[in-house]
Amino acid sequence: MRRNVAVSAIRLIRGRRFAAPWLHESGILSPPFSLFFSNFHSDRPSSPKVPTIDFSRIHALDDAIHLFHDMLRMRPQPSVRAYSKLMSVTVKMKHYSFALYMFDEMRLRGAPVDEYTMTIAINCYCLLKRVDFGFALLGIFFKSGYEPNVTTFSTLIKGQFLDDKVADTVKLFKKLLDFRICEPNDVMILTVIDGLCKAGQIIAARDLLCRLERTRWRPNVKAFNALLDGLCKGGLVDDAFQLLSKMIHNGISPDVFTYSSMIQGLCNVGRLKDVKDLLNEMANSNISLNVVTFNILIDALCKDGKVKEAEEVLGIMLQQNINPDIFIYTSLIDGYCLRGEINKAKQVFDSIVDGGLKPDIISYNSLINGYCKEGRVDEAWLLFLEVPCKGLEQNIRTYTTMIHGLFSKDRFNDGWKLFKDMEARQVHPDLHTYSTLLDGLCRNGETEEALLLLRMIEGKGVNPNIVTYGALINGLCKNGKLGVARDLFNQLPSRGLQPNVQIYTMIIGSLCEEGFMEEAKSLLVEMETRGCAPDIVTYNVIVRSLLKKNELHEAIPFLEEMPQRGFSVDPATFSMLIDQVQGQNEDDFLLKLMKIVLPKEIVS
DNA sequence: TTAGGGTTAG
């Protein structure tokens, strides 16, 4: 019964989603045996000898296909180990459905299979996100007289996590323990802890790890690292610190992975002082930084606009004979782009090849984004066109960045043409793409179309986020549709979203411009009570909106409040102020204004 | 011979 399930599962997969081009036998065109076999020509043909197969010569799917068909024709048959090895080499090349095809053929032709080949097959189903077929294969296990072992179950657990079946996985793990079906080992424990963390169940992972600590299956450093990484990624850095002391207290020495996760977590929340302490701790424990740790530091500095310091860290890394990888180059490119130093970014991009590496699609995307941000859209476009010439494929981010760049220069037709091209190439738009398109429509004054697009996005089951709504609210305000913008703004809580400071600022600015001062003031209070403090932009926008209407006196209370909040008047607001003040004849008023706007030392 | 942590982008 179970066998039938498994066989039909395989047929189903073969017949449907993974229709394979290798289903023909290798014929006269296949390479000679000697390509893969090192001692095929035996001295004594009368006593057939199983040749040694050189798996290191398999570099592509074609090699595996030819070798497999050669192996099937061999007499005597190669060992089950040889077949397992070929399957696992194929899996490493990520050709899961071919590995499954081999397994299927082996069984049909009576080639040997054992628990290893079956576990590899299960792994393939798991990696193809068909853990259900993996479970179905357990039937073949029992039918063949084999018992699934701890590796088989670990594989299935990983498969369930990949398939988002978190609750089922917890049940399975508990069952394995309760019924003593197998002893969990380090890999299984790590798989469960890591899977729970990646599924966002960090507290459950921590509870499990604590419970396991009191058993004979004590988690090792890797399991602790997985949990610690989960805590850091979830922003729970202080809990991670507690866990770190606990593991040290329990005699588990942290390693470079432990510290890398901690440093990443601290960088994410801007606790650079603690990063320094940890780096000292690493030095004291004789734990060297690796290329990833360096990248975390370099990336954090670049994101903070401190590219010079990032270059210094790079220098230390080079002194330690660690070569930069593509991640480090990309961090530096982003860092320079963020500062608007696009030519420096291009220099870093060009130096990737000098480092013996090739730019990947992410480094292209970063540079394309940099050129677009600087308004140098034509240069971005040339890079965009270069991508396929380098054997790479433009992905959703490449397209969205480029479309955004074109829209920002009001090249709406080109942007839409590119969007159509993207769809034709089966690159599927995501929320960022939709937000970009919405923003583009609004910039072009097509707010009706933007609202239609929003409905279409919602209809597709994609949940617009606050950025999407922000683009639309901004567009509506700028196109004089404050009423519609406010309706949308008021609907945000019912859609599970809280307006951010930018959205409040847009609405408040528009209310000021339209003369709804009381409403603007009450929204200003509201945002503060909701824990969304107005910022320097909010105040500048309010002042400018009032100045646009020549309401200088209305603006004064806001101008007076700005220094108290540590905000200054930005250049655009300042020049508007100067224009308005020229018409005033009241000396006292002017002095008052100067006291607000200019630094104290200049006024005195 | 099977299963195993961390880093990149609007």
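Everything numeric here is computed off the predicted structure, so don't read it as measured data. Numbered from 1 within each chain, the chains take letters A, B, ... in sequence-line order.
Distance CG (Asn290(A)) to P (dG5(B)): 16 Å, rounded to an integer number of Å. Between the CE atom of Met317(A) and the C1' atom of dT7(B) there is a distance of 12 Å, given to the nearest Å. Distance, Tyr364(A) OH to dT8(B) C1': 17 Å, rounded to whole Å. Here the C1' atom of nucleotide dA3(B) and the CG atom of Leu176(A) are 13 Å apart, to the nearest Å. Straight-line distance from the CD1 atom of Ile287(A) to the P atom of dG6(B): 18 Å, rounded to whole Å. Across the protein-nucleic acid pair, Asn295(A) atom CG and dA9(B) atom P stand 9 Å apart, rounded to whole Å. Remark: P of dT2(B) and CZ of Phe55(A) are 12 Å apart, rounded to the nearest angstrom. With rounding to whole Å, Met188(A) atom CE is found 14 Å from dA3(B) atom P.
Between Trp416(A) and Phe419(A), the angle of the ring planes goes over 60°, which puts this pair in the perpendicular group of the 30/60° scheme.
Asn365(A) comes within 4.0 angstrom of a base, heavy atoms only. Ile396(A) comes within 4.0 angstrom of a nucleotide base, judged by non-hydrogen atoms across all strands. Contacts of Lys85(A) with the nucleic acid, taken as non-hydrogen atoms under 4.0 Å apart, are absent. Residue contacts for Asp194(A): at a heavy-atom cut-off of 4.0 Å it reaches the sugar-phosphate backbone alone, with no base atom in range. Residue-level contact check: Asp325(A) touches neither bases nor backbone, having no heavy atom under 4.0 Å from any strand. His404(A) comes within contact range of no nucleotide atom at all, as no heavy-atom separation falls under 4.0 Å. No contact: Asp439(A) has no heavy atom under 4.0 Å from any strand. Among the protein residues, Asn123(A) comes within range of the sugar-phosphate backbone only, with heavy atoms under 4.0 Å from sugar or phosphate atoms but none that close to a base. Residue contacts for Ile362(A): at a heavy-atom cut-off of 4.0 Å it reaches a base atom on one of the strands shown. In this structure, Asn395(A) reaches the bases: a heavy-atom distance under 4.0 Å links it to at least one base atom across the strands shown.
dG6(B) shows a glycosidic angle more than 90° from 0 and is accordingly assigned anti.
Defined by atom type and a distance below 3.5 Å, a donor-acceptor pair is present between the side-chain atoms of Thr293(A) and Ser260(A).
Using a distance-only test at 3.5 Å, with no hydrogens or angles considered, no donor-acceptor pair links the side chain of Glu115(A) to the main chain of Pro148(A).
No donor-acceptor contact under 3.5 Å links the side chain of Thr330(A) to the base of dT8(B). With hydrogens and angles ignored, no donor-acceptor pair closer than 3.5 Å exists between the side chain of Thr191(A) and the base of dG4(B). If you check distances only, the side chain of Asp186(A) never reaches the base of dG4(B) with a donor-acceptor pair under 3.5 Å.
Taking OG from Ser79(A) and OH from Tyr83(A), the interatomic distance works out to 9.0 Å, rounded to the nearest 0.5 Å.
Picking from dT1(B), dT8(B), dA3(B) the nucleotide with the shortest atom distance to the side chain of Lys303(A) gives dT8(B). When the nucleotides dG10(B), dG4(B), dG5(B) are ranked by their closest atom to the side chain of Asn220(A), dG4(B) comes out on top. When the nucleotides dT2(B), dT1(B), dG10(B) are ranked by their closest atom to the side chain of His432(A), dG10(B) comes out on top. In the set dA3(B), dA9(B), dT2(B), dT2(B) carries the atom at the smallest distance from any side-chain atom of Thr119(A). Looking at the side chain of Val292(A), the nearest of the listed nucleotides dG6(B), dG5(B), dG10(B) is dG6(B). The side chain of Thr155(A) lies closest to dA3(B) when the candidates are dG6(B), dT8(B), dA3(B). Of the candidate nucleotides dG6(B), dG5(B), dT2(B), dG6(B) has the atom lying nearest to any side-chain atom of Lys233(A).
Aromatic rings of Tyr399(A) and Phe384(A) (six-membered ring for Trp) have centroids within the 6.0 Å cut-off, being under it.
A salt bridge links Lys246(A) with Glu213(A); the closest basic N to acidic carboxylate O contact falls under 4.0 Å.
At least one test fails for Arg339(A) against the ring of Tyr336(A): distance under 6.0 Å to the centre or angle within 45° of the axis.
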